[in-house]
Amino acid sequence: MFPPSPRPRVGTGSHHVECTQEQVRQLRGPVSVRGELRGVKEKRIAEFQSLLSEPHINLKVLRELCFNGIPFEGGIRCLCWKVLLNYLPRDRSLWDTVLQKQRETYAHFLREMIIQPGIAKVKFGVSREDVTLEDHPLNPNPDSQWNTYFKDNEVLLQIDKDVRRLCPDFSFFLNPTDYPCQLIMDPENEYETLRKRVEQTTLKSQTVARNRSGVTNVSSPLKSSASNSVGDYDPLPNGSEAHWEVVERILFIYAKLNPGIAYVQGMNEIVGPIYYTFATNPKSDWKEHAEADTFFCFTNLMAEIRDNFIKSLDDSQCGITSKMESVYSTLKEEDEELYLKLQEQNIKPQFFTFRWLTLLLSQEFVLPDVIRIWDSLFADEKRFDFLLMVSCAMLILIRNQLLEGDFTINMRLLQDYPLPNGDVLPILKKAKELQDSK
C-alpha cells in the first residue's frame, strides 16, 4: 500500500543524515530491484497525470492515490494539495479563472495591508495623508490609523521572531526567493518591506511575545537569545528577499484579516511546509505564484484547525483538549497495557499530544517526512480523525521502549520522538490499520 521512501536516510528522530552513495546502493538493493521500483514510480506518476488531466477531477480516486504518497515530479504534489485543500475546484475549466482572481485578491491585500500610515501611494492613486491634528502617533483613539499601526507592530515582531527560526536544519528559508514580490521590492514604489518595518519600529529594542492567552510580554533583548536577533542574518542585496520574509508577509496578512485570532505562535510551523512545497515546484509558472497560492491554502487549512489555537475553546467539544483525550481513549482500546503504564506514570496527553495535534506533527520530524505525512493527512476525508490515529500509532510503535522506561525517559521519548527505522511509512501503515479497525 505504501511505496518505499524516495529519499533513504539513516538515523532516528530529528537527527537524520543523508546516506553515502554506498549506503544508498545497499538500501536500494540490486540493480534489478531498483529498476522495478523505478517502473512502479513511473506508473504512479502516469496515474496521477492521467487523473489530473481529466476535465472533472474524481476526488475519491485522487484521495486514494494521494494517501499513498504524492510524487514531486512535474509539480504533481503542489497541484494535488491545492485540490485537496479546496483552493482549486474539481472542474479544470475553472482553474485559470480561480487562480487569476485569487492572485489579484492577494495583490490587493498587499496594497492595503503592507503599508505605513502617512506614506503616499502615488503609484496606485492614493492621495498623501500627512500627520494631522485629528490623527497623529499619540492619538489615543482606538480607531486611529496610527494606533492600529502600533498594535500591528506587536503582532509583526512575534511573527518576525518565529519565521526567522523556521526549519533551522534547512537553509532553504534563509535563501533568496527566485520571485521576490515586485509590488514590495520595486524601488520606484514606496511600499516598505516588513523587514524594514521591524527594524524601524519604536519597539525594535524589545522582544514582544504574545501567548495563547492573548497576553503580550515585552522583554529586553539582552535577555533574549542571540538567535532571535534581527541582525543575525546577513542582509540580501537590494531587490532580493529571503523565503522567510515571504512567509512573514503571508502570516502578517492573515493576522490582519483575522483579528479574532490574529497570530499565535505555531502558525509559522503550519504555513512553512505548504510554502516550501509550492516554492520548490519544478514548474516555474506555478512557482512564481507560490506566495499567493500558499496564503489561500494556509487560510483554508486554518479554517479547519483554528479552534486548536484559541485557548478559550480548549475545553469545548471542538477544542484541543477533547482531541488529546481521544488519542488516549484510542490507545486504551488498542493497547491497554501501554495506556495503563502511561497513566501510572502520570504522563498526561497534553504533555506531548498538544504539540503533535496543534502543529500537525510539523515539529516532530524533518521536513520531507512532514510533507509525506501531510500527503496522507490531506488526502483523508476525515483528515484530523486520521491525525489522531497517527498519534496513537506513534505510541504503539515505541511501546516496548515506553513500557521499559521511567517517567523521565518516556517524556524524553515523547518530546523527541525516535522515528522507528528512520521512516514514517510504518507509522502511516499502522494508523491506517487502526482507522480501518474502527
Side-chain angles (χ1 to χ4, degrees), residues 1-9 16 40-41 43-45 47-48 51-52 57-73 75-88 269-274 276-278 280 297-298 300-302 304-305 308 323 326-327 330-331 334 353 355-398 417 419-438:
M1 177 178 292
F2 293 92
S5 294
R7 300 173 131 203
R9 292 187 296 278
H16 294 296
V40 171
K41 183 177 181 179
K43 181 181 178 181
R44 280 183 55 77
I45 291 174
E47 287 179 326
F48 274 96
L51 178 61
L52 293 171
I57 307 298
N58 187 322
L59 190 57
K60 183 176 184 297
V61 175
L62 180 66
R63 289 186 185 279
E64 292 172 355
L65 278 177
C66 293
F67 189 84
N68 295 320
I70 309 173
F72 166 80
E73 290 79 3
I76 294 176
R77 172 176 283 123
C78 303
L79 192 53
C80 289
W81 279 20
K82 289 179 173 79
V83 175
L84 294 173
L85 291 173
N86 301 311
Y87 179 48
L88 288 177
E269 304 292 347
I270 301 296
V271 73
I274 300 175
Y276 172 83
T277 299
F278 293 174
T280 56
C297 287
F298 169 70
N300 289 350
L301 181 59
M302 281 300 301
E304 300 183 48
I305 65 173
N308 294 343
K323 296 182 178 71
S326 293
V327 175
T330 301
L331 179 64
E334 301 294 334
T353 60
R355 189 175 71 183
W356 290 9
L357 300 179
T358 303
L359 304 184
L360 309 184
L361 299 171
S362 60
Q363 285 196 327
E364 311 314 312
F365 308 107
V366 292
L367 187 56
D369 289 336
V370 171
I371 290 172
R372 174 60 192 89
I373 291 173
W374 285 16
D375 284 347
S376 296
L377 197 62
F378 294 164
D380 193 84
E381 190 171 4
K382 298 179 179 179
R383 45 177 150 244
F384 302 111
D385 287 345
F386 184 68
L387 178 61
L388 302 180
M389 296 301 106
V390 172
S391 300
C392 187
M394 289 170 63
L395 295 172
I396 293 174
L397 288 179
I398 59 169
Y417 188 79
L419 188 60
N421 301 317
D423 196 342
V424 298
L425 297 183
I427 296 175
L428 296 172
K429 183 178 179 181
K430 182 63 179 178
K432 181 61 176 173
E433 291 175 1
L434 295 175
Q435 186 183 55
D436 291 343
S437 67
K438 286 190 169 294

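We're numbering straight along the sequence, starting at 1.
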Establish, yes or no, whether a centroid distance under 6.0 Å links the rings of Phe278 and Tyr87.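 Between Tyr87 and Phe278, which both carry aromatic rings, the centre distance is not below 6.0 Å.
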
With Phe298, which residues qualify under ring pair (Phe, Tyr, Trp, His ring centres under 6.0 Å), at least two apart?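 Ring pair (Phe, Tyr, Trp, His ring centres under 6.0 Å) list for Phe298, sorted by chain: Tyr254.
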
Minimum-distance pair of heavy atoms, taken over all atoms of [X] and [Y]:
{"X": "Leu388", "Y": "Lys323", "value": "CD2-O, 3.6 Å"}
{"X": "Leu301", "Y": "Leu85", "value": "CD1-CD2, 4.2 Å"}
{"X": "Leu434", "Y": "Ala393", "value": "CD1-N, 3.8 Å"}
{"X": "Phe365", "Y": "Asp369", "value": "CB-CB, 3.8 Å"}
{"X": "Leu395", "Y": "Trp356", "value": "CD2-CH2, 4.1 Å"}
{"X": "Arg372", "Y": "Gly69", "value": "NH2-N, 3.4 Å"}

[X] side, atom [atom1]; [Y] side, atom [atom2] - distance, nearest 0.5 Å:
{"X": "Met389", "Y": "Asp436", "atom1": "CE", "atom2": "CG", "answer": "11.0 Å"}
{"X": "Leu88", "Y": "Cys80", "atom1": "CG", "atom2": "SG", "answer": "10.5 Å"}
{"X": "Ile371", "Y": "Ile274", "atom1": "CD1", "atom2": "CD1", "answer": "10.0 Å"}
{"X": "Asn58", "Y": "Leu52", "atom1": "CG", "atom2": "CG", "answer": "11.0 Å"}

Show, in sequence, the C-alpha distance, side-chain angles and deciding distance for Leu360 and Ile373, and conclude whether the side chain to side chain contact (heavy atoms under 4.5 Å, CB included) test is met. CA-CA 9 Å; Leu360 309 184; Ile373 291 173; over 6 Å; no

Glu381: which residues meet the side-chain contact (heavy atoms from CB on, under 4.5 Å) condition with it, sequence neighbours left out?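 Per chain and number, Glu381 pairs via side-chain contact (heavy atoms from CB on, under 4.5 Å) with Arg63.
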
Heavy-atom check, side chain of Cys66 versus side chain of Trp81, under 4.5 Å: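 No; the side chains remain at least 4.5 Å from each other.
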
Kindly indicate whether the side chain of Ile305, heavy atoms from C-beta on, has any atom under 4.5 Å from the side chain of Ile270.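 Of all side-chain heavy-atom pairs linking Ile270 with Ile305, at least one is under 4.5 Å.
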
With distance as the sole test, does Asp423 use its side chain to make a donor-acceptor pair with the main-chain N or O of Leu425 at under 3.5 Å?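 Yes, the answer is positive, given that a donor and an acceptor are paired below the 3.5 Å cut-off.
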
Under 3.5 Å donor-acceptor, Arg383 side chain and Leu377 backbone: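 No, because the side chain of Arg383 does not come within donor-acceptor range (under 3.5 Å) of the backbone of Leu377.
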
By side chain to side chain donor-acceptor pair (under 3.5 Å), which residues pair with Trp374, not counting sequence neighbours?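 Result, side chain to side chain donor-acceptor pair (under 3.5 Å) vs Trp374: none returned.
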
Lys43 with Glu47: basic N within carboxylate O range, under 4.0 Å: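 Salt bridge flag = no for Glu47 with Lys43.
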
